[in-house]
Structure formats: structure tokens, C-alpha cells
Amino acid sequence: MQTVTGLFDTHTEAHAAVTDLEKAGVPTDNISIIGRSERETEADEGAAAGAGLGVLAGGAGGLLAGLGFIAIPGIGPVVAAGWLTAMAAGAATGGVAGSLIGALIGAGIPEEEATLYEEGVRRGGVLVAVRTNETDEVTVRSLLVSRGAVDINARRHAYRSVEPDPEAPAEEFPERRRSASWR
């Protein structure tokens, strides 16, 4: 099995990608989704998680119906479901800093890419990760790209050159998501 990943700027794009993957016959157990709450504020984290969960899972079936709320070190509260979530939560329980990075590396993603994906989620993006065989890899990758997965290598430059602005609308400036500077 290989891991194919896609980072999305919006919960809507990620939701559509997961739905398309399920319709294409990808087993739900092989799909993961991790993203910050869309309405995260400095207010009650529970309320923020509920708002994000409602937006992301609203009326969905399959994997999206099982979305839950966890905290990942280095990122904070996220709405998540799937096999990668279990790996990241396990690392978080053990106190491992950067548990999303560790989970991605454990799934076969190179460390540099894993760091970019973690930064993408920290800045408000939504990660979809799919375990697939070599035969279906092209189909899975095509579905993710057709639904708006960003070019993670192009984001590397944006993360290094743009200081995130918490006041900038995410839809207009996805590289300006709320977070501290990228390492």
C-alpha cells in the first residue's frame, strides 16, 4: 500500500474529494481527513469544533459521518476521521511533538512533504490522505487534483515568503491562514 495525499484550501473541496473517492470505490477505511475548524476563534474550543464539524460533515455519509474532534500537538484542535487520525492521535497520546508529521512519515510520506502538509493544516487547510495500491494510485491522485488539491511544492515558497495574516479571508489568500511563521 502507498499513501496519496492532497491538501485542500477549503472544507468544501476536501468534502467533495472524499465523496468522489468513496463513489469511485475507495474503501472508507483507506481514507483520512484532517482539518482545522473553519470557525476557530479564541473563544471556547468546543464551540469552534462543533461549528467546523457541522460545516464539514453536514449531512454526509461514509467517512465524513465519523468525523471527530482531537487535538494534535503543533496544530491544535482539528476535525478528523480515518486511519491517519488514529496514528496522529496515538502519537499525541504518547506526547510526541509533531504527531501529524510522525504519522505521515509512518505512512510513507517523505519528511519534507510531511512538514509541508502539517503547515498546510496548521494554516487552515484540510488534508485528505488515501491508502491505495499501485494500480489505483493514478486514479486516486487524479480525483484529488480534480477536486482542487493544491500543489504542495508551490506552497513551500508561499509558506516561507508570506507571513500569515489572521484577518485575511482564507478564500482570497489561502497562504495567509492563521498561524505562526513557517519554519
Side-chain angles (χ1 to χ4, degrees), residues 3-24 26 31-41 48-60 62-64 67-72 74-82 84-85 88 98 100-101 103-104 107 109-110 112-130 139-183:
T3 302
V4 177
T5 52
L7 181 67
F8 297 86
D9 286 331
T10 70
H11 290 274
T12 302
E13 291 169 335
H15 178 281
V18 169
T19 300
D20 284 357
L21 289 164
E22 290 174 334
K23 285 180 184 175
V26 175
I31 305 170
S32 288
I33 186 168
I34 298 176
R36 292 184 72 173
S37 167
E38 283 190 300
R39 301 187 153 235
E40 186 176 276
T41 65
L53 184 60
V55 169
L56 191 54
L63 175 75
L64 297 173
L67 283 169
F69 178 70
I70 64 169
I72 297 180
I75 296 175
V78 296
V79 177
L84 186 63
T85 303
L100 181 56
I101 293 173
L104 288 167
I109 303 298
E112 188 172 344
E113 280 184 42
T115 302
L116 290 168
Y117 285 122
E118 182 194 55
E119 182 63 15
V121 171
R122 199 162 61 85
R123 289 181 182 237
V126 182
L127 178 67
V128 175
V130 182
T139 301
V140 168
R141 200 171 299 281
S142 294
L143 280 170
L144 294 176
V145 169
S146 72
R147 281 301 184 171
V150 301
D151 179 348
I152 196 67
N153 291 312
R155 283 294 163 88
R156 174 190 339 251
H157 176 71
Y159 291 161
R160 289 183 177 152
S161 65
V162 177
E163 182 68 26
D165 177 3
E167 303 303 317
E171 332 48 80
E172 291 182 38
F173 303 101
E175 66 277 2
R176 292 185 183 178
R177 303 282 173 125
R178 54 195 168 280
S179 75
S181 295
W182 187 64
R183 334 174 227 279

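Note that the numbering runs from 1 along the sequence shown for the chain.
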Going by side chain to side chain donor-acceptor pair (under 3.5 Å), name the residues that satisfy it together with N153, two or more places apart in sequence or in a different chain.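 Side chain to side chain donor-acceptor pair (under 3.5 Å) check on N153 returns R156.
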
Please name all residues satisfying side-chain contact (heavy atoms from CB on, under 4.5 Å) with V26, sequence neighbours left out, ordered by chain then number.
->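 Partners of V26 under the side-chain contact (heavy atoms from CB on, under 4.5 Å) test: L21, N30, I31, V130, V140.
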
Inset, instruction - Can you sort out the partners of A114 under side-chain contact (heavy atoms from CB on, under 4.5 Å), two or more places apart, ordered by chain and number? - result: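 If we apply the side-chain contact (heavy atoms from CB on, under 4.5 Å) test to A114, skipping adjacent residues, the hits are I101, L104, I105, I109.
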
For [X] and [Y], work out which heavy atoms get closest and say how close.
X: E118; Y: L100; value: CA-CD2, 4.0 Å
X: T5; Y: Y117; value: OG1-OH, 2.7 Å
X: E13; Y: R147; value: CB-O, 3.5 Å
X: S32; Y: G82; value: OG-C, 3.2 Å
X: A17; Y: F8; value: CB-CZ, 3.6 Å
X: I34; Y: A80; value: CG1-CB, 3.8 Å

Hey, which of I33, L7, L143 is the one that makes side chain to side chain contact (heavy atoms under 4.5 Å, CB included) with V128?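 The single option meeting the side chain to side chain contact (heavy atoms under 4.5 Å, CB included) with V128 is I33.
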
Item to complete: With side chain to side chain contact (heavy atoms under 4.5 Å, CB included) as the test, would you mind laying out the steps for L84 and L127 before giving the verdict?
Response: CA-CA 10 Å; L84 186 63; L127 178 67; 4.0 Å; yes

